Amino acid sequence: MSFKQRDIISILHFNKEEILYILDVTKRMEQTDYSQILKGKVLSVLFFEPSTRTRLSFEAAMKRLGGMVIGFAESGATSIAKGESFSDSLKTIEGYCDVVVLRHYLEGAAQFAADIVNVPVINAGDGSNQHPTQTFLDLYTILKTKGILEGLKIGFLGDLKYGRTVHSLAYALAYFGAEMYFISPPNLRMPNDCMEELKKRRVTCHEAESLQGIGKQLDVIYCTRIQEERFADPIEFEKVRGIYRLSKPMIEGLGVKDDLKIMHPLPRVDEMDESLDGTNYAVYFDQVRNGVPVRKAILATVLGAIE
């Protein structure tokens, strides 16, 4: 199975076997020294939105494989601030690198970039649409902490309308027979197109506004923050600010399974209390650490260093 020169735009572009292949390469990345496999290769990171974990883990992954990194975390310091078009910037940067990692506030920006340049483009988040590399590390975290991917009951909690990590992960888990519970305020439900896609894949889905009566059934809770930056109307945001707050007493009060795992793509704000951090439920910092081997696997495969 070859991923050489392949764009990583949407999890919908991958079948089950391809997903499992990336997870297998990720495991190899944790077990074997590949420190010079990308020597002489250059990664360009282009971030038009703030990022800590995604950008730094891609940079760490590239450098640990022997490659180099160029790019920016603030487009205001580039010629775009002078009026240069997005397409002209991409065509310029293409000449300096072997692979591009792009985060952009507009849905579809990653596909637009992939259609313009002749090096692989990796989507690091395009608006509220998709975040496929986060999905791979989420799946890898579930596999490592639960031991399986098949047949789990997964609860998605929080901002499901704008949460691109939720959209991507739900699509991927559909391949593994997951039963999904979507817990959110009415105005932050999963988008209709996402629900229709899941129905086409014959996923059993439930919608609710609270974990009450649901929490004790779940194998994984995937918590997300309410994303203030996605709201056009501040008043609408204030209506849902702090509506969910997971804590150790709250979780234990639900009568959850002893082996429940709580995940979060981070950053967290007020939706998850630090009292959870020292519990066996919390795996969100393991999730963060898994970003490096997963992104090492993706970079190595799209650049043809591993097949």
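The shown structure was predicted, so the numbers you read here are calculated from the model rather than taken from an experiment. Excluded from the calculations below are hydrogen atoms, water molecules and symmetry mates; all remaining heavy atoms, backbone and side chain alike, are included.
- A salt bridge is defined here as a Lys NZ or Arg NE, NH1 or NH2 lying under 4.0 Å from an Asp or Glu carboxylate O, and K200 with E196 fails to meet this definition.
- A side-chain donor from one of S10 and Q130 sits under 3.5 Å from a side-chain acceptor of the other.
- Aromatic rings of F14 and F136 (six-membered ring for Trp) have centroids within the 6.0 Å cut-off, being under it.
- No side-chain donor from either of H264 and R225 sits under 3.5 Å from a side-chain acceptor of the other.
- In terms of the salt bridge (charged side-chain N to carboxylate O under 4.0 Å, His left out) criterion, E94 has no residue partners (sequence neighbours excluded).
- For the salt bridge (charged side-chain N to carboxylate O under 4.0 Å, His left out) test, residues two or more places apart in sequence or in another chain that qualify with K257 are D219.
- Annotation: ring pair (Phe, Tyr, Trp, His ring centres under 6.0 Å) contacts involving residues 270-302, sequence neighbours excluded, are absent.
- Sorted by first then second residue, the salt bridge (charged side-chain N to carboxylate O under 4.0 Å, His left out) pairs that include residues 281-295, not counting sequence neighbours, are D286-R289.
- Every residue two or more places apart in sequence or in another chain was checked for a ring pair (Phe, Tyr, Trp, His ring centres under 6.0 Å) with Y34, and none qualifies.
- Grouping Ile, Leu, Val, Met, Phe, Trp and Tyr residues whose side-chain heavy atoms lie under 4.5 Å apart, directly or via other members, places M68 in a hydrophobic cluster with V42, I70, Y96.
- Aromatic ring centres of H104 and F112 lie farther apart than the 6.0 Å criterion allows.
- Among pairs with a residue in residues 133-149, those fulfilling salt bridge (charged side-chain N to carboxylate O under 4.0 Å, His left out) read E30-K144, K146-D259, at least two apart in sequence or across chains.
- Take Y171 and apply the ring pair (Phe, Tyr, Trp, His ring centres under 6.0 Å) test, not counting sequence neighbours, and it matches no residue.
- Residues passing the salt bridge (charged side-chain N to carboxylate O under 4.0 Å, His left out) test with D273 are R245, sequence neighbours excluded.
- Remark: F182 engages F156 in a ring pair (Phe, Tyr, Trp, His ring centres under 6.0 Å) (not counting sequence neighbours).
- Not a single salt bridge (charged side-chain N to carboxylate O under 4.0 Å, His left out) links D115 to another residue, sequence neighbours left out.
- Residues satisfying the ring pair (Phe, Tyr, Trp, His ring centres under 6.0 Å) criterion with Y140, sequence neighbours excluded, are absent altogether.
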